[in-house]
Amino acid sequence: MGLTQILHRRGAPALLFLFTRSFALADLTVSAPPLFSYETKQLTDDTVASLTAADQKLFGFDDTAVQSGLSRRSGECKVFPGDEDWPSDETWDRFDELVNGALIPTVPLAAPCYNSWNLYNAAKCAEISKSSTDPYAHIADPTSNMWPIFQGKTCLAFDRPNGTCTLGSFPSYAVNVSSVSDVQLALNFARNANLRLVIKNTGHDYLGKSLGAGALSIWTHNLKDIDFIENYQSDSGYEGPAFKVAAGVTVREVYEAAEKHGVTMAGGICESVGFAGGYVAGGGHTPMSGLYGMAADSVEALEVVTADGRFITASNSSNPDLYWALRGGGGGTYGVVTSVIARAHPKMPFVTSTFTFKSGGNISTEVFMEGVRKYYEMLIPFTDAHTYSYFWIWHTSGTFEFQMMPFFAPNHTVESFNQLVKPWFDHLTKLGIPVTPTTELHDSFYPAYNVAWGNDGVGGLNAIPGNRLFPRGRWEDPEKFEETWGAIRAHMMRGKSLGGYHQAPQNRLNVDNAVSSAFRHVINFLIGAAVVEGAENATPTQMKKAVDVLTNDVLGPWRDVSPESEFGGSYLNEANVMEPNWQESFYGTQYSRLLSLKKKWDPKGVFYGPTAVGSEEWEVQDGDQGTQTQNGRLCKV
Ligand SMILES: Cc1cc2nc3c(=O)[nH]c(=O)nc-3n(C[C@H](O)[C@H](O)[C@H](O)COP(=O)(O)OP(=O)(O)OC[C@H]3O[C@@H](n4cnc5c(N)ncnc54)[C@H](O)[C@@H]3O)c2cc1C
Ligand SMILES: *[C@@H]1O[C@H](CO)[C@@H](O)[C@H](O)[C@H]1NC(C)=O
Ligand SMILES: *[C@@H]1O[C@H](CO)[C@@H](O)[C@H](O)[C@H]1NC(C)=O
Ligand SMILES: *[C@@H]1O[C@H](CO)[C@@H](O)[C@H](O)[C@H]1NC(C)=O
Ligand SMILES: *[C@@H]1O[C@H](CO)[C@@H](O)[C@H](O)[C@H]1NC(C)=O
Ligand SMILES: *[C@@H]1O[C@H](CO)[C@@H](O)[C@H](O)[C@H]1NC(C)=O
């Protein structure tokens, strides 16, 4: 039974939700952005007032909730299953009624691979194992995450009928939200009952931020609306096309809509990443960065449920400090975003170029490195020409391969692109390195995007990644350039591979938001990884060894040539969860303001995420796993 029926039974008004704001998309006003229909279904003071006193204590807003025995354990921990004050089954049932049956007790995605859940099914298990590297398999599940290492590897997708499959870092329950009211009720319940709260959109997060043992999870995946607003008038002064994008919409869905409406959107390169959740919250780097900066820079307004349970708008004129923090200050920290309104940019042509070259045969390592160095020398002209790239350099048993996939040039012609890269290609020719680029012109973003990007594989157990953002200043000073290139070259010579981008989002739309200062200076973004010995069976000692290699041997030399004092840093959404000095490294000069806003908007610590702003006050007691997982009780430090 749902809340509607309960209220009917009690003789409460038939109209459950007050439709506080509801505008046709045609008559937009600056003061009130339009709402999706699921956003008009709100929990109101009247609804709360119609509940029993006991229900009000559990499900009411912060200003109405009465502190009780439910609120705090003496140890300042969130309650955990088995604790005396863990909500009773009756309470969970009551909550389920209020959210119209949307509460889902967690069953791990791979449970059919084990006997212990009484769900064993060899065929199903084979299916689950096979799809465990496909992001969509995890997205469709209420609690699954794409990186089992941070889950604690407690229920891997292997056929092991007699093995163990436990919840590990998976939350205890998820709410399959389909209205703002569902989000508000979940948030109020978590806060009032002192439950750990997590938000899961797609589960892409690399650091375990959408996981949490013993938590209640807000699962936003089914909020799929997307609306084109032809002439949006924002309170920041922007006037033009925009999209309103619901919390569960993916990057590919945004690109499809943009193609349909003849505009360009700034989104990421992996199609299955959520647009309005962790991506925008973390800044969101994009192939459009050379023209429009970070994805968050295009965001004009967000609808948000804040820690007190209230539903508000964050924009230039409405809660501007929260608006500032939500654009770059990290996911799952300040509120639950239910939708964003982002600028749509003009349609334009794109040039993509893919090519590879490698060492071996008559190409020595020295010659290969010279070819790569010339690319590095040209990152200033390449980024000044608004281009972006995605490349890999593989080192396998003594040979190197450079893969450009692709060089991405918005608003270029083939001629202007060839002109731009000529010095590099001429140099490769001079070095005797053969390259045969596939260069194509596309008349809009979508076909250009599809050349080399799409769905990425996930689920890796044998490696942990980290990254570094190298500032342009290191390119402007010849001595610093030598040092920087030297560190990158040395990385490859040590037998390691890397992935990277040239990109310079700068602050091209001239906005003021929480995007890390490192992104305003970056010219080269590199991804490195450490191998986990023993992979799925890695012991905590082996895991710790991999973490140390990542932190010290892989990222250490990169950190030395991109110090925070020169605006170096690391991208918080794809980072090493054990990064030292993460506050400065992930958030740059914005950290202290972000921390004070965290205290203002979430004074009770409803939201927590590993390496999220303010997380230094908490710890996940996961025992010794060698790296930080979310498999344990969350407590104040
Ligand atoms: C294969 C792959 C490719 C990637 N490519 C790119 C890329 O090209 N560019 C780029 O910038 N990043 C990229 N990323 C990183 C990506 O941006 C982050 O993983 C991001 O956190 C994903 O957000 P999500 O909402 O999809 O994921 P989730 O794991 O569901 O959530 C991530 C974080 O955001 C929070 N969150 C989610 N929804 C909301 C919400 N509605 N309100 C408040 N908080 C919320 C969660 O609590 C969590 O802290 C990639 C990641 C992977 C794994
Ligand atoms: C699992 O255990 C059962 C009963 O103990 C045994 O018969 C079976 O062979 C075991 N299966 C595997 C795959 O080990
Ligand atoms: C979640 O809710 C949607 C309706 O919003 C429904 O279509 C879907 O089946 C539900 N999913 C699960 C796993 O319960
Ligand atoms: C945006 O907000 C700032 C700060 O409140 C204000 O100074 C500025 O005028 C606003 N922009 C517009 C175009 O209204
Ligand atoms: C793209 O190029 C055209 C023609 O050179 C120019 O008029 C336009 O302003 C450019 N667009 C952007 C977004 O730079
Ligand atoms: C390698 O051999 C090819 C083909 O014979 C030649 O074109 C190229 O110049 C040679 N490169 C070097 C570095 O000698």
Side-chain angles (χ1 to χ4, degrees), residues 106 108-114 116 124-141 143-170 200 202-213 270 272-273 392 394 396 455-467 495-499 527-551 553-555 573-579 610 620 622-632:
T106 302
L109 180 60
C113 296
Y114 299 84
S116 56
K124 251 195 194 159
C125 174
E127 195 59 33
I128 292 163
S129 294
K130 209 174 123 211
S131 63
S132 65
T133 57
D134 178 2
Y136 289 109
H138 302 280
I139 291 176
D141 184 85
T143 53
S144 192
N145 174 277
M146 301 182 195
W147 309 105
I149 286 173
F150 306 106
Q151 186 277 337
K153 299 183 293 188
T154 68
C155 187
L156 294 172
F158 296 118
D159 193 332
R160 288 177 182 161
N162 295 348
T164 55
C165 165
T166 56
L167 287 185
S169 301
F170 292 132
K200 183 197 163 183
T202 66
H204 259 287
D205 190 84
Y206 278 109
L207 302 93
K209 283 178 162 181
S210 35
L211 289 165
C270 175
S272 54
V273 163
W392 284 93
W394 299 103
T396 23
N455 209 13
D456 283 325
V458 296
L461 280 161
N462 56 1
I464 44 171
N467 73 80
K496 297 186 193 311
S497 300
L498 58 81
I527 303 160
V531 172
V532 178
E533 263 176 64
E536 76 261 26
N537 298 317
T539 61
T541 309
Q542 286 171 315
M543 202 64 231
K544 167 90 169 56
K545 205 175 139 203
V547 168
D548 288 345
V549 167
L550 177 65
T551 303
D553 304 354
V554 176
L555 298 175
N573 268 346
E574 301 179 359
N576 170 17
V577 73
M578 304 300 278
E579 182 71 24
V620 176
D622 67 349
D624 183 14
Q625 309 235 6
T627 187
Q628 183 65 61
T629 75
Q630 296 308 304
N631 184 9

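Judged as a side-chain contact (heavy atoms from CB on, under 4.5 Å), and not counting sequence neighbours, Lys130 has no contacts. Under the rule for a disulfide bond (SG atoms under 2.5 Å apart), the partners of Cys125 that lie at least two apart in sequence or sit in another chain are Cys113. Tyr114 is linked by a ring pair (Phe, Tyr, Trp, His ring centres under 6.0 Å) to nothing, counting only residues two or more places apart in sequence or in another chain. Applying the side-chain contact (heavy atoms from CB on, under 4.5 Å) criterion to Pro540, with sequence neighbours excluded, gives no partner residue. In terms of the side-chain contact (heavy atoms from CB on, under 4.5 Å) criterion, residue partners of Asp622 (sequence neighbours excluded) are, by chain and number, Val620, Gln625, Gln628, Thr629. The side-chain contact (heavy atoms from CB on, under 4.5 Å) test applied to Trp394 returns Trp392, Gln403, Ser497, not counting sequence neighbours. Residues passing the side-chain hydrogen bond (donor to acceptor under 3.5 Å, both in side chains) test with Ser272, sequence neighbours excluded: His204, Asn455. For Glu579, the salt bridge (charged side-chain N to carboxylate O under 4.0 Å, His left out) partners at least two apart in sequence or on another chain are Arg468, Arg559. Annotation: salt bridge (charged side-chain N to carboxylate O under 4.0 Å, His left out) contacts of Glu536 (sequence neighbours excluded): Arg160. For Asn576, the side-chain hydrogen bond (donor to acceptor under 3.5 Å, both in side chains) partners at least two apart in sequence or on another chain are Thr551. Not counting sequence neighbours, Ser169 has no partner by the side-chain hydrogen bond (donor to acceptor under 3.5 Å, both in side chains) test.
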Query raised in the report: Given the rule in the side chain to side chain contact (heavy atoms under 4.5 Å, CB included) test, do Leu550 and Leu555 qualify, once you have shown the distances and angles that lead to the verdict?
Result: CA-CA 6 Å; Leu550 177 65; Leu555 298 175; 4.0 Å; yes
Report task. Quick one: do Ile149 and Met543 satisfy side chain to side chain contact (heavy atoms under 4.5 Å, CB included)? Show the steps, please. Result -> CA-CA 9 Å; Ile149 286 173; Met543 202 64 231; 3.7 Å; yes
Requested in this report: Determine, step by step, whether Tyr206 and Asn573 satisfy the side chain to side chain contact (heavy atoms under 4.5 Å, CB included) criterion, reporting the C-alpha distance in whole Å, the side-chain angles of both residues, the deciding distance to 0.1 Å, and the verdict.
Outcome: CA-CA 7 Å; Tyr206 278 109; Asn573 268 346; over 6 Å; no
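Taking the side chain as every heavy atom from C-beta outward, Val549 and Val554 approach each other to under 4.5 Å.
Sequence neighbours left out, the pairs with a member in residues 537-551 that pass salt bridge (Lys or Arg N to Asp or Glu O under 4.0 Å) are Glu533-Lys545, Lys544-Asp548.
Under the side-chain contact (heavy atoms from CB on, under 4.5 Å) test applied with Thr627, the options Val577, Val532, Ile464 reduce to a single match, Val577.
A donor-acceptor pair under 3.5 Å is absent between the side-chain atoms of Gln151 and the main chain of Met146, judged by distance alone. For the pair Asn631 (side chain) and Gly152 (backbone), a donor-acceptor distance under 3.5 Å is absent. Under the 3.5 Å distance criterion, the side-chain polar atoms of Lys153 are left unmatched by any main-chain donor or acceptor of Asn537. A donor-acceptor contact shorter than 3.5 Å is absent between the side chain of His138 and the backbone of Thr202.
The CG atom of Asp134 lies 11.0 Å from the CG atom of Asp456; values are rounded to the nearest 0.5 Å. How far OG of Ser129 is from NZ of Lys124: 13.5 Å, rounded to the nearest 0.5 Å.
The nearest pair of heavy atoms linking Ala137 to Leu109 is O-CD2, 4.0 Å. Nearest approach of Ala213 to Gly168, heavy atoms of both residues: CB-O, 3.4 Å. Contact record, Ser210 with Gly203: OG-CA, 3.7 Å, taken as the closest heavy-atom pair. When all heavy atoms of Phe170 and Leu211 are compared, the closest pair comes out as CD2-CD2, 3.7 Å. Closest heavy-atom contact between Ala110 and Leu156: CB-O, 3.8 Å. In this structure, Ala111 and Cys155 approach most closely via the heavy-atom pair N-SG, 4.1 Å.
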